Amino acid sequence: GAVVSQHPSWVICKSGTSVKIECRSLDFQATTMFWYRQFPKQSLMLMATSNEGSKATYEQGVEKDKFLINHASLTLSTLTVTSAHPEDSSFYICSATGGGGAFGTQYFGPGTRLTVL
Amino acid sequence: EDKVVQSPLSLVVHEGDTVTLNCSYEVTNFRSLLWYKQEKKAPTFLFMLTSSGIEKKSGRLSSILDKKELFSILNITATQTGDSAIYLCAVEGYNTDKLIFGTGTRLQVFP
């Protein structure tokens, strides 16, 4: 139980294009979903927190107009990287709570590796 | 400012060795500390610790929390090459569901 999927697992795009990444909780309703970014050899950095039906809360320094988050249902959140540039190349990971585990346990998706040329 | 510091940053050992990974933290209204193992993809959950002095154990891995001194350790005994990974420590406060991650410890186990 408590499986989170992400799609796509990797994407390569040209500079200036937009990329959408989906995060789904497969067997539970996710009350909250989180989006992280991880650069090589660095730890996970939280980008934003989203609750179904409400606007995402962005961490300091994360441009909300560049990283659009839509949490349309209790099982789906999307992150759209708009007008992507090479410096946006990173590993993007989502996680979700509400999977019935210990209180506060976040279940992570497998991640999406974005490469912007 | 809430923060999590892990040490060492990197560790290289031989199979069979025992390793201890450290995590110290500062967080407002501490709720829990979590350990994750990250190989090539997203982190996988190892332990959640909320109470001081109670050891959590899973096979060769064990962890304990000291809320007075604000740190936790993760022990791995009889290491195997499959233990090679980045081990992440994260803490959570009551004010929020957010996890604050440390930079991780990269463990490499050689045969």
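Order of the sequence lines fixes the chain letters, A, B, ..., with proteins taken first and strands second; residue numbering starts at 1 for each chain. Predicted model, so just to flag it, every value in this text is computed and none were measured.
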query = Are the side chains of B/I100 and A/M45 in touch, meaning some heavy atoms are under 4.5 Å apart?
reply =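 They are not in contact (no side-chain heavy atoms under 4.5 Å apart), so the answer is no.
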
task = Flag the pair A/F108 / B/Y36 as yes when at least one side-chain heavy-atom distance between them is below 4.5 Å, and no otherwise.
result =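 Yes, close enough: below the 4.5 Å cut-off.
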
Take atom [atom1] of [X] as the centre, draw a 6.0 Å sphere, and report whether it contains more than 12 heavy atoms from other residues, nucleotides or ligands.
{"X": "A/K20", "atom1": "NZ", "result": "no"}
{"X": "B/K57", "atom1": "NZ", "result": "yes"}
{"X": "A/H85", "atom1": "NE2", "result": "yes"}

query = Considering only heavy atoms, which portion of A/L46 lies under 4.5 Å from any heavy atom of chain B: side chain, backbone, both, or neither?
reply =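 Just its side chain gets close to chain B.
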
ask   = Under a 4.5 Å heavy-atom cut-off, does chain B meet the side chain of A/Q6, its backbone, both or neither?
value =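 Looking at A/Q6, nothing touches chain B.
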
key: Which atoms of B/Q6 approach chain A - backbone, side chain, both or neither, heavy atom under 4.5 Å   =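 Neither part.
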
ask   = What's the spacing between A/Q42 CD and B/I86 CD1 if we round to 0.5 Å?
value =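 Here the rounded value is 11.0 Å.
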
message = Test your reading of the model: is there a side-chain donor-acceptor pair from B/T103 to the backbone of A/S43, 3.5 Å cut-off?
response =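 Looks like no, no N/O pair under 3.5 Å.
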
Would [X] end up clustered with [Y] when hydrophobic side chains under 4.5 Å apart are linked, directly or stepwise?
{"X": "B/L46", "Y": "A/I93", "result": "no"}
{"X": "B/L49", "Y": "B/L61", "result": "yes"}
{"X": "A/F91", "Y": "A/V116", "result": "no"}
{"X": "B/L70", "Y": "B/F101", "result": "no"}

query = Which heavy-atom pair separates A/Y36 from B/L99 by the least distance, and what is that distance?
reply =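 The pair with the smallest heavy-atom distance is OH-CB, 3.7 Å.
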
query = Are B/E92 and A/Q106 close enough that a side-chain donor and a side-chain acceptor fall under 3.5 Å?
reply =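 A/Q106 and B/E92 do not have a side-chain donor-acceptor pair below 3.5 Å.
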
